Amino acid sequence: MSGTVDAAWARNWITSAAEVLAEHRVELINLDREIGDGDHGENMDRGFQAVLERMGELPADATPGDVLKIVATTLISTVGGAAGPLYGTAFLKAALSAGAAPELDAPALLAALTAARDGIVLRGKAELGDKTMIDAWTPAVDAAAAAVAAGSGASELLDAAAGAAEAGAVATEPLVARKGRASYLGERAVGHRDPGAQSSALLLRAAATAAGASS
Amino acid sequence: MSGTVDAAWARNWITSAAEVLAEHRVELINLDREIGDGDHGENMDRGFQAVLERMGELPADATPGDVLKIVATTLISTVGGAAGPLYGTAFLKAALSAGAAPELDAPALLAALTAARDGIVLRGKAELGDKTMIDAWTPAVDAAAAAVAAGSGASELLDAAAGAAEAGAVATEPLVARKGRASYLGERAVGHRDPGAQSSALLLRAAATAAGASS
Amino acid sequence: MKKLINDPKNVVVEAVSGFAQAHSDIVRAELDPVFVVRADAPRPGKVGIVSGGGSGHEPLHAGFVGFGMLDAAVPGPVFTSPTPDPIVAATKAVDGGAGVLHIVKNYTGDVLNFETAADLAGAEGIEVVSVIVDDDVAVKDSLYTAGRRGVAGTVLVEKIAGAAAERGDNLAAVAAVAATVNSRVRTMGVALTPCVVPHAGEPSFTLADDEIEIGIGIHGEPGRERIKLEPADAIVDRLLGAILEDMPFAAGEEALLLVNGMGGTPQVELYIVYRRAAELLAERGVRVTRSLVGNFTTSLEMQGASISVLKLDAELTTLWDAPVQTAALRWGR
Amino acid sequence: MKKLINDPKNVVVEAVSGFAQAHSDIVRAELDPVFVVRADAPRPGKVGIVSGGGSGHEPLHAGFVGFGMLDAAVPGPVFTSPTPDPIVAATKAVDGGAGVLHIVKNYTGDVLNFETAADLAGAEGIEVVSVIVDDDVAVKDSLYTAGRRGVAGTVLVEKIAGAAAERGDNLAAVAAVAATVNSRVRTMGVALTPCVVPHAGEPSFTLADDEIEIGIGIHGEPGRERIKLEPADAIVDRLLGAILEDMPFAAGEEALLLVNGMGGTPQVELYIVYRRAAELLAERGVRVTRSLVGNFTTSLEMQGASISVLKLDAELTTLWDAPVQTAALRWGR
Ligand SMILES: Nc1ncnc2c1ncn2[C@@H]1O[C@H](COP(=O)(O)OP(=O)(O)O)[C@@H](O)[C@H]1O
Ligand SMILES: Nc1ncnc2c1ncn2[C@@H]1O[C@H](COP(=O)(O)OP(=O)(O)O)[C@@H](O)[C@H]1O
Ligand SMILES: [Mg+2]
Ligand SMILES: [Mg+2]
Ligand SMILES: [Mg+2]
Ligand SMILES: [Mg+2]
């Protein structure tokens, strides 16, 4: 496990995220069919396939921030729905936070994750407990902050964040939704996991895996 | 069993036919759903309920022919579809054949049944074996002719005609249809009974029952 | 059976009442016997045009009553031809002294009931001519069947005959143009799902989850063959292939292409069908100069579609383009 | 899943191509990125109007592009908001120098993507104003939800704003009339059956054979309650009751009554719904002076309907009556 992550990590992350989202496409569609409109898996898969295709446009010396930026613009222009602008903003804010640094250490990663989460909140106005992707992101940011406080490296931080996001996604199950389509369901959303929280957990787990792999 | 039938028989016939068609409404709908458009039971039930309502308009001294005539005009104006004009013509021709006679003996009944059958052929141009109501009526007319030849009375004649119609309806099952909607099915009509042949058998059985009852 | 209805027995009367209220600028309805007639009928000196048939095919026919198309429509019970009485009443209501054309789809019930009605109207001094529509190429051999069925091509017959009547053609001429349209239009349909007739309460037929019925009629009568589901383009190739086999086109000839929904098919699917049909016609050198896409001749909530091709000439094109103002078809006014 | 489609991935592009070919007198389509635009766009000096949203609601929105209504429509993937790119492209394509109005249904995805697009278009010097449509009364408490949804009332906003733009109103005025319509229209719907999104391949929700969903959204999002099937009149009483509770009428006030089919409902059922709705409004002293019945804002093949009531005044009535010439709505031209 390494103390910092670099552009190779960012590229691996995106490749692995695209794979994972393709694998989980039907699962995400089904989650969204239950409490939404059944397109989340399709949207995310379409978006990350498009991202994959555009990775080739990056110069060899692209920074992690450059990678995140191309992810952002590609998601904005291919995903649509609620998830497209929200994830797009998240990656854009993370890219801005990462800046031109060739490597990110744990504090820099925490800053990027925090910026991403804040971007989602800015656009979507969701609070913790509203049964949205924020319920994965906020625990992830909190876990990252704890990791930094404990002196962990980037790889450990991502592992902690992914674990917290996974727990956060599971924890959306008993909730009533207050944002997104699921909010129309009232009590009937109880017992179903939020698809956006689930895809967020998958994304962060891919980030952790990539950090392990590229360490 | 009596040698002739009269106006009371005609009235009983119609009452009993209306009952029987109401009872068999769903059966006829199902037969028609299988090889037609699923309305035959509804059409016949609607028509004979209307006939029942109009029976009150008949004067006390109405002849069998008067009864048949009101059945004819009511069916024409309430049944619709193929069956309405065909049954309407049948009853009209039978009424004309019965004329003003207060009673019909076996030869007069044979003449009326023959006229009815010929009326259906005139309008619908079906031949024996085309898998239509003719496949009930022609055997019925033949059986009635045999009964007259054997010196039977009206009641026996109707019983023979009803039996032949019932056998004729069953015998439509293996046939390919060449008239009516079932003709579009080709080989797929095989194995299904023609709804119009079945309703014809029900009508003639009601006539026989009425003759037994009013004897 | 799940339907937005009250008593199945009242479906037609309630729907006709609602229809007449919603379109009171164009039509009025009579409820005893039931028919729908142009608000301004009868129009003196104009040939009247009456069509009708079982209900469940809406907007056919009531949706086509109005300026430039039908003068009256006679809806029977669902999927059941109307009786002669309302046909006679409608014929009288639209007779402006120039005679009345009956446009009749080729079903035994419709033909027989309109026949009787024409006789009765004739006996009352109204000149009636009937044109039978039988555009469905799915029925191959008319010798061993009740003959080709009248399906979505009926809409084209009604529109064009209506335009001829509106411009003042006499009864013989209006009937002739109706017959011409019928002779130049071919249709073939496909069903993906059956429909449920309200008084029957059960599907009109059954199809497995992966089966479709090629050559379906508009009452769920089966067609040529039942096959496994195929991509839309392959299905279109089958339908249009049968049409063009029956009515070949020389390169450069013009056509009107109608893609008709059976009632329960989303519009995106109709346009996917249209796209391939137009492409195929172009490949064959046929010039599609007029188009119509939508639900015009339906089978309740059946999923499926039909393709109709009308061979146009200058005269038919002019009549097609003439103004029409009905609930379901409207342009030029 | 049985659908007349080829590859689910190509549904929107193929349907849009077919649509543009079938209506080439009115619109043209761009396919990269995908949008549908008036054939004569941009119209110098006229406020442009762009709407859009997920596909599967046809004729909304592309069916309403044309004279007197929308200048462009941006269809996203089925049930998924379009991304900003095509919205920006459509906005540029219709900008005639007088600014562009975005009509956006209130769904998180639509709002966010149109927001981004408006920012980007603004950065390129096009003045964009957005009006959010949220006519669905089924959503009771907007504080604890994503807020009321934009449903069939959108058609009325688009028609009336379109008429204002066509007569030359400036951007502020067109936006104001759109907002006025939104504030005066209420809608509530019912679903009898779910629909199947092509890429999902499975029904969007399940309903038992005797259940219906009251207050459904147009993507199969559930509504207020799931109840046992009732007669149409009782269902209408529920839907209209909720509307009138939310927007009371004084006796003598005028209304436009829209009965909208969800895509798979036969016309007879829509008119049965219309009949009862008109009857109930009359009982409450509301004068229904304008009507619209048909499939306008659909959910693919879903069976069901929605009722919309727009409180009219002289100005809105004039704008409603103004000529319109689109694939799906046409009068006066
Ligand atoms: N206001 C919001 N804030 C944060 N996340 C949201 C918001 N609205 C929706 N989401 C997330 O978006 C997910 C749905 O995404 P997706 O299905 O792709 O879009 P749509 O709802 O437009 O179909 C939800 O599961 C939820 O996690
Ligand atoms: N040409 C014909 N000659 C004799 N009988 C016919 C003919 N066409 C149809 N029929 C009879 O009519 C029956 C169908 O009647 P019905 O279902 O009421 O009318 P429709 O076919 O118009 O729905 C058939 O079962 C058949 O017996
Ligand atoms: Mg979704
Ligand atoms: Mg039948
Ligand atoms: Mg019938
Ligand atoms: Mg969506």
Side-chain angles (χ1 to χ4, degrees), chain A residues 25-26 28-47 49-50 72-89 92 120 122-127 129-133 176-189 196, chain D residues 8-9 33 53-54 56 76-88 107-117 120 136 138-149 194-206 215-226 299:
Chain A
R25 180 177 160 276
V26 172
L28 293 173
I29 284 177
N30 285 340
L31 290 178
D32 198 31
R33 271 206 301 127
E34 278 159 18
I35 59 169
D37 60 353
D39 60 1
H40 188 59
E42 180 73 15
N43 297 346
M44 295 303 290
D45 184 34
R46 183 177 56 244
Q49 290 308 320
T73 55
T74 309
L75 293 184
I76 289 175
S77 68
T78 59
V79 175
L86 293 173
Y87 276 124
T89 301
L92 199 63
I120 298 172
L122 186 78
R123 295 298 306 269
K125 319 238 158 29
E127 293 172 15
D130 281 357
K131 195 169 185 134
T132 71
M133 51 175 74
V176 167
R178 279 191 298 257
K179 281 282 182 288
R181 288 177 205 286
S183 66
Y184 304 124
L185 274 160
E187 291 295 328
R188 285 189 276 173
Chain D
K9 289 209 187 322
V78 175
F79 285 7
T80 298
S81 152
T83 62
D85 298 3
I87 305 173
V88 171
Y107 295 96
T108 310
D110 293 86
V111 171
L112 293 177
N113 284 289
F114 270 91
E115 221 170 73
T116 304
L120 293 172
D136 182 9
V139 178
K140 272 188 169 159
D141 199 335
S142 300
L143 268 185
Y144 299 102
T145 64
R148 289 188 162 182
R149 302 168 293 204
C195 55
V196 176
V197 175
H199 59 245
E202 307 240 0
S204 50
F205 56 96
T206 49
I216 193 84
I218 57 172
H219 308 87
E221 313 94 324
R224 282 198 185 181
E225 45 177 346
R226 189 164 285 197
S299 300

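Chain identifiers are assigned alphabetically (A, B, ...) following the order of the sequence lines, protein sequences preceding nucleic acid strands; residue numbering begins at 1 within each chain. Just so it is clear, the model here is predicted, and its values are computed rather than measured.
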Find the distance between CZ (A/Arg123) and OG1 (D/Thr108) and round it off to the nearest 0.5 Å. 11.0 Å
Listed by chain and number, what are the ring-ring contact (aromatic ring centres under 6.0 Å, His included) partners of D/His219, not counting sequence neighbours? D/His57, D/Phe79, D/Tyr107
Under 4.5 Å from any heavy atom of chain D - which part of A/Thr89: neither
Considering only heavy atoms, which portion of A/Ile29 lies under 4.5 Å from any heavy atom of chain D: side chain, backbone, both, or neither? side chain
N-O pairing of A/Glu42 and D/Lys9 below 4.0 Å: yes
Sort D/Asn113 into side chain, backbone, both or neither according to what part of it lies under 4.5 angstrom from a heavy atom of chain A. both
Once rounded to the nearest 0.5 Å, what's the spacing between atom OG1 of A/Thr78 and atom CG of D/Asp85? 9.0 Å
Is D/Pro77 close to chain A through its backbone or its side chain, or both, or neither, when contacts mean heavy atoms under 4.5 Å? side chain
Is A/Asn43 close to chain D through its backbone or its side chain, or both, or neither, when contacts mean heavy atoms under 4.5 Å? side chain
Those residues that, when tested against D/Arg224, pass side chain to side chain donor-acceptor pair (under 3.5 Å) (two or more places apart): none
With a 4.5 Å cut-off on heavy-atom pairs, point out which of A/Asp130, A/Leu185, A/Val26 contacts chain D the most. A/Leu185
Do A/Asp37 and D/Val197 have side-chain heavy atoms sitting under 4.5 Å apart? no
Please check if atom CD in D/Glu225 has more than 12 non-hydrogen atoms from other residues, nucleotides or ligands closer than 6.0 Å. yes
How many angstroms lie between OG1 in D/Thr83 and CZ in A/Arg46, if you round to the nearest 0.5 Å? 8.5 Å
Between A/Ser183 and D/Ala146 (side chain of the first, backbone of the second, donor and acceptor by atom type, cut-off under 3.5 Å), is there such a pair? yes
Best-contacting candidate, D/Gly220, D/Gly109, D/Pro33, against chain A by heavy atom pairs under 4.5 angstrom: D/Gly109
